[in-house]
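In what follows, residues are counted from 1 in the order of the sequence shown.
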Amino acid sequence: MIKSSGAVLQTIWWGLAVSAIVALIFGRFSLAFVSTATLCLSLLPLALAHRLSVRLPVSFLLFITVFVFASIFLGEAFDFYNRVWWWDLALHGSAAIGFGFLGFLFVFMLFEGDRFAAAPSALAFITFCVAMTLGACWEIFEFAMDQTLGLNMQKSGLMDTMGDLIVNGIGAVLASLVGFLYLRFRAVGVLSRPIEQFINLNKTYYRKAIDRLKR
């Protein structure tokens, strides 16, 4: 599974690089920009993780890369937002869940993995807030791209933005619920696997939680 995921990542990254070069050769500068921007954004988590001395599971990198690829490259360069009616909703829903998991892991890390330092309900609420904040920042990013580069990421304007935020809220609630159940019962089936993978790779940041599990 890990090897196949890594192969998918390499294929997407190399495909974006080749697409950017070919687009430049044929003078398709907008496609070259979109390809380069997608590649840079998909590699950004690796740079941030290295800077913060954090190890990212392959599944995290795959999710982020596929999301950025589907959102910017397929969505804008190949107009999937208009061709596939559910494309935008699916991306925002999955992004909200991903943002929620990242928010939960970050907040949980601040307490060194000690679930007794704050009530699970409090951590779940903060997770929801983080996910909604990141979703709102993405809407601002879409607005900025439309205004500065003449793209059409917001599509129908206000209705698109509000629909995205509503879907983002639903995803944030789901991620918060998974985080809450994980803190209470330590297992939520397949949904808790990303949390467990990240914690196992970054044990030094969650030592209190790991020590309690050993008792």
Side chains of Phe198 and Val54: closer than 4.5 Å at any heavy-atom pair? yes
Is the side chain of Trp87 donor-acceptor paired with the backbone N or O of Ser71 at a distance under 3.5 Å, no angle test? no
Are Tyr81 and Val84 in one and the same hydrophobic cluster, where Ile, Leu, Val, Met, Phe, Trp and Tyr link if side-chain heavy atoms are under 4.5 Å apart? yes
CG of Asn168 to CG of Leu89, rounded to nearest 0.5 Å, is 11.5 Å
Give a yes or no on whether the backbone of Leu91 and the side-chain of Ser94 come within a donor-acceptor separation of less than 3.5 Å. yes
Look up atom CZ in Arg193 and atom CG in Asn200, then write down how far apart they are to the nearest 0.5 Å. 13.0 Å
With side-chain contact (heavy atoms from CB on, under 4.5 Å) as the test, would you mind laying out the steps for Phe180 and Thr127 before giving the verdict? CA-CA 9 Å; Phe180 175 81; Thr127 297; over 6 Å; no
Are Pro45 and Leu56 packed together at the side-chain level, in the sense that at least one heavy-atom pair is separated by less than 4.5 angstrom? yes
Begin from the C-alpha positions of Leu174 and Ile170 and carry the test side-chain contact (heavy atoms from CB on, under 4.5 Å) through to its verdict. CA-CA 6 Å; Leu174 178 59; Ile170 295 173; 5.9 Å; no
Say whether Ser35 and Ser19, considering side chains only, have a donor N or O and an acceptor N or O under 3.5 Å apart. yes
Glu196 side chain reached by Tyr182 side chain, heavy atoms, under 4.5 Å: yes
To check you understand the geometry: which heavy-atom pair defines the closest contact between Ala172 and Ala96, and what is its length? N-CB, 3.8 Å
Would you say Phe78 ends up clustered with Trp13 if hydrophobic residues are merged whenever their side chains have heavy atoms under 4.5 Å apart, either directly or through other cluster members? yes
Tell me whether the count of non-hydrogen atoms from other residues, nucleotides or ligands lying under 6.0 Å of CZ in Phe125 goes above 12. no
Geometric class of the Phe69/Phe73 ring pair [parallel <30°, tilted 30-60°, perpendicular >60°]: parallel
Do Leu183 and Leu123 have side-chain heavy atoms sitting under 4.5 Å apart? yes
What's the spacing between Ile195 CD1 and Leu105 CG if we round to 0.5 Å? 6.0 Å
Between Trp86 and Phe80, does the ring centre distance come in under 6.0 Å? no
Shortest non-hydrogen pair, Ala175 vs Gly100, comes out as CB-CA, 3.6 Å
Look up atom CZ in Arg55 and atom NE2 in His50, then write down how far apart they are to the nearest 0.5 Å. 13.5 Å
Apply side-chain contact (heavy atoms from CB on, under 4.5 Å) to the pair Phe99 and Cys137, showing each step before the final yes or no. CA-CA 11 Å; Phe99 289 155; Cys137 289; over 6 Å; no
So if you build clusters from Ile, Leu, Val, Met, Phe, Trp, Tyr with side-chain heavy-atom gaps below 4.5 Å, do Phe29 and Val34 land together? no
When every non-hydrogen atom of Thr36 is compared with those of Ala20, the smallest separation belongs to OG1-CB, 3.6 Å
Taking C-beta and beyond as the side chain, do Val130 and Leu102 meet within less than 4.5 Å on heavy atoms? no
Same apolar cluster: Val173 and Phe104, side chain cutoff 4.5 Å: no
Are Val167 and Met132 grouped together when hydrophobic residues (ILVMFWY) are joined by side-chain heavy atoms under 4.5 angstrom apart? no
Work out which heavy atom in Ala77 is nearest to a heavy atom in Leu31; give both atom names and the distance. CB-CD1, 3.7 Å
Quick one: pull up CG in Leu62 and CG in Leu9 and give me the separation to the nearest 0.5 Å. 5.0 Å
How long is the straight-line distance from CG of Leu74 back to CG of Asp79, given to the nearest 0.5 Å? 11.0 Å
Would a distance-only check, ignoring hydrogens and angles, find a side-chain to backbone donor-acceptor pair under 3.5 Å from Ser176 to Phe128? yes
